[in-house]
Structures are given as C-alpha cells and as structure tokens.
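Indexing begins at 1, ligand by ligand and atom by atom, following the structure's order.
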Amino acid sequence: MARTALVTGGTRGIGAAISKALRDAGYTVAATYAGNDEAAAKFTDETGIKTYKWNVGDYDESKAGIGGVESELGPIDVVVANAGITRDAPFHKMTPEQWQQVIDTNLTGVFNTVHPIWPGMRERGFGRVIVISSINGQKGQFAQANYAATKAGDLGIVKSLAQEGAAKGITANAICPGYIATEMVMAVPEKVRDSIVAQIPTGRLGEPEEIARCVTFLASDDASFINGSTISANGGQFFV
Ligand code: CAA
C-alpha cells in the first residue's frame, strides 16, 4: 500500500517541488498551506495533490488538521516540516513581532507538525521525519537573527528526535537548502541577491527540485540507516 506523506507549506516554492516528487515516487501526498487559497487551488488543479489549510504556528489547528488528513488518507508515514517564513531586518530594527512570527512558524511549527503525528509513528514502528532547515541556520545571516535562530533550532529538534525515534523505527533528518530560486529568495533585493550568488561556487541559485530529490531519498527505505543527519544542498556555499 502506498505510504502517506504530509508536506507543510507544500503548495509553493520548495514545498511544491517536494509534494510533486513524493507523489511521483508513489506516495499519497497531503500538502498544507497557510493562506494563499488561489495558489493552493491552482496547485491541486495542476497536480491532483490534495491541499489542507491551517496555521502551523497553532498547535490546536495543526492537531485538528492532521487528524482530518489521517482520517481521509490514512496514517502519515512521512512528515516533511517545510513551512517557513522570513521577516528579515537588521537586528537593531527587528521588532518583537518579526521575531515572534518567525519563531511561531519556523520553530514551534515543527513541534506542532511532528508532535501530533509522532505517537502513531511509534505505535506502527515506522516513520520518516524530514525537516527543512537552511544554510542560514548553519552560518547565520545578516538581517536574519530570527530566521537563523529557528533554522538552527530545527537542527536541534531533529538530532533529539533521531535519538528518541530510533528504537521505534523512526528516522529524523534535516536538509539545509542554500539559496534556491523561489519567491522567498527572489524577494531579496536584486543587488543583495547578486552578491549572494557570487558566493556560490556553482555560480547559480539552486532549483526546488534539487531539494525535493534529497527529500525523496531520505523518505525512502534506502535511507534506513541515515538518522540525525543534515544534508547540506547549497552548491558549495558553506561547509559544516
Ligand atoms: N552583510 C553586510 N552588510 C549588509 C548586508 C550583508 N549581507 N546586507 C545589507 N548590508 C548593509 C547594507 O549595505 C546597508 O549598509 P549601509 O547602511 O552602510 O548602506 C545596511 O546593511 C542595510 O541597512 P538598511 O537600513 O538599508 O537595511 P534595511 O532595513 O532596508 O534592510 C535588508 C535591508 C532586509 C537587510 C535587505 O538587504 C535584505 O533583505 N537582505 C538579505 C537578507 C537575506 O539574505 N535573507 C535571506 C532570504 S532567503 C532565505 O532566507 C532562504 C534561505 O533559507 C536561504
């Protein structure tokens, strides 16, 4: 029987590529989104992938949403915590709201997404937890104290879950994408973006599909002994 995968923020950017790659690999996929109904409807029309709307920053909404997905599609075997936002500002200009919004979505959102799914994975003796972190969680980034903190925190979550889940057949791994050609990166001022691309040895931004292929690998049985790892997919911009 096809395994079921949940991809948060799965209708746009890297998340959309992940949803499609998992569908193509034979998974039954549920893609969540937070607000853009139009993009979600277009995504379902084009891909046939079901979409579900909730705010990953809210525990009760996440739990209820996940319950709905599981009653429609069956137990979730693979969870990809991908939903993320930026609220970039130099630290001296960063507001408490900008700090909190990013913490709620990118860090607490991972807890809210994985926590309701985790007991079922433990009971069934199988699970794949894949968290989309970032190069900027590894190296920090000017104007991203909030974002970098969450993405570094995501790596801490993964390393802890890797230890807790191992005896129950669950692996937890992270991917740290570098700068990928998505709306999020295209929102960076052109001059700044050009200076970033100049730091990437491959001389280009990554493609969302290049991250999606990392996800399908980590989700597969081939990756059974990979646990607590981080795949850095950044074109050589930063080595850990
Ligand atoms: N390093 C050093 N200095 C930098 C800098 C950098 N990377 N970026 C900007 N600066 C400097 C500017 O040159 C400017 O200096 P001066 O005041 O001397 O001219 C100053 O910082 C910027 O000051 P401003 O008051 O004009 O800044 P602002 O309030 O308008 O904010 C910004 C501008 C938000 C920092 C904007 O430059 C920006 O968006 N930078 C990109 C941040 C970034 O890389 N975000 C990543 C988004 S993609 C992502 O997050 C996905 C992922 O996982 C990789």
Side-chain angles (χ1 to χ4, degrees), residues 7-19 21 32-36 39 56-57 80-110 113 130-159 173-215 218 229-240:
V7 184
T8 63
T11 65
R12 294 194 295 143
I14 292 174
I18 293 170
S19 297
T32 81
Y33 69 103
N36 194 332
V56 297
V80 186
N82 164 77
I85 59 168
T86 55
R87 294 289 182 269
D88 294 355
F91 194 59
H92 63 283
K93 289 186 184 171
M94 188 174 285
T95 63
E97 290 73 27
Q98 288 173 319
W99 172 264
Q100 198 59 49
Q101 285 168 0
V102 174
I103 297 287
D104 288 348
T105 302
N106 300 10
L107 185 64
T108 309
V110 175
T113 299
I130 301 162
V131 178
I132 307 302
S133 175
S134 165
I135 184 175
N136 292 342
Q138 297 172 302
K139 71 169 185 58
Q141 170 61 36
F142 190 101
Q144 285 203 313
N146 49 3
Y147 185 88
T150 61
K151 295 299 182 175
D154 289 341
L155 299 180
I157 296 174
V158 160
K159 288 171 190 169
N173 292 288
I175 298 168
C176 283
Y179 282 75
I180 308 300
T182 61
E183 280 173 49
M184 185 184 272
V185 169
M186 290 312 178
V188 171
E190 196 177 354
K191 219 175 105 200
V192 179
R193 203 171 57 242
D194 288 347
S195 72
I196 291 168
V197 174
Q199 296 160 26
I200 307 174
T202 47
R204 64 170 177 88
L205 297 173
E207 294 299 329
E209 292 72 22
E210 292 178 304
I211 304 306
R213 287 195 287 273
C214 300
V215 172
L218 287 175
S229 292
T230 300
I231 297 182
S232 298
N234 63 33
Q237 188 184 349
F238 184 74
F239 307 128
V240 185

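The structure places CG of N36 at 8.0 Å from CD of E183, a figure rounded to the nearest 0.5 Å.
Each of the following atoms of ligand 1 lies closer than 4.0 Å to a heavy atom of M184: 49 (C), 51 (C). Each of the following atoms of ligand 1 lies closer than 4.0 Å to a heavy atom of P90: 27 (O), 29 (O), 31 (O). Each of the following atoms of ligand 1 lies closer than 4.0 Å to a heavy atom of A143: 35 (C). Ligand 1 places these atoms under 4.0 Å from at least one heavy atom of S134: 52 (C), 53 (O), 54 (C). Close contacts of ligand 1 with V188, meaning ligand atoms under 4.0 Å from a residue heavy atom, involve 41 (C), 47 (C). Set against the non-hydrogen atoms of T86, the atoms of ligand 1 under 4.0 Å away are 50 (O). Numbered from 1 in the order shown, with element, the atoms of ligand 1 that lie under 4.0 Å from a heavy atom of V192 read 37 (O), 40 (N), 41 (C). Remark: ligand 1 atoms within the under-4.0 Å shell around heavy atoms of N136 are 54 (C).
If you look at I180 next to ligand 1, there are no close heavy atoms at all, none under 4.0 Å. Residue-level proximity to ligand 1 for K151 is absent, since no heavy atom of it falls below 4.0 angstrom.
In this structure, of F142, Y179, Y147, the residue bringing a heavy atom nearest to atom 1 (N) of ligand 1 is F142. Within the set S195, P189, G13, the minimum heavy-atom distance to atom 38 (C) of ligand 1 is found for P189. For atom 29 (O) of ligand 1, the nearest non-hydrogen atom from the set K93, Q199, Q138 comes from K93. Between atom 48 (S) of ligand 1 and the options I196, V185, I85, the minimum heavy-atom separation is to V185.
Put simply, the side chain of N173 never gets that close to the backbone of T230: no donor and acceptor are under 3.5 Å apart. Using a distance-only test at 3.5 Å, with no hydrogens or angles considered, a donor-acceptor pair links the side chain of N82 to the main chain of G9.
Below 3.5 Å of separation, one finds an N or O of Q144 facing an N or O of ligand 1.
Q141 is not listed as a side-chain neighbour of Y147, based on a closest heavy-atom distance of 4.5 Å or more. For the pair R87 and M94, the minimum side-chain heavy-atom distance is 4.5 Å or more.
Atom 10 (N) of ligand 1 lies below 4.0 Å from at least one non-hydrogen atom of the protein. For atom 17 (O) of ligand 1, the protein comes within 4.0 Å by no heavy atom at all. Within a 4.0 Å radius of atom 33 (C) of ligand 1, the protein has no heavy atom. Remark: atom 7 (N) of ligand 1 lies closer than 4.0 Å to at least one protein heavy atom. Atom 25 (O) of ligand 1 is approached by the protein to below 4.0 angstrom, counting heavy atoms only. Taking a distance limit of 4.0 Å, we find that atom 52 (C) of ligand 1 is approached by some protein heavy atom. For atom 14 (C) of ligand 1, no protein heavy-atom neighbour is found at a distance under 4.0 Å. Contact annotation for atom 43 (C) of ligand 1: protein present (non-hydrogen atoms, distance under 4.0 Å).
Under the side-chain contact (heavy atoms from CB on, under 4.5 Å) rule, C176 has a single partner from L155, V240, N234, I132, which is L155.
Closest protein heavy atom to atom 45 (N) of ligand 1: D88 OD2, 2.7 Å.
Contact between P177 and ligand 1 is absent, with no heavy atom of the residue lying under 4.0 Å from the ligand.
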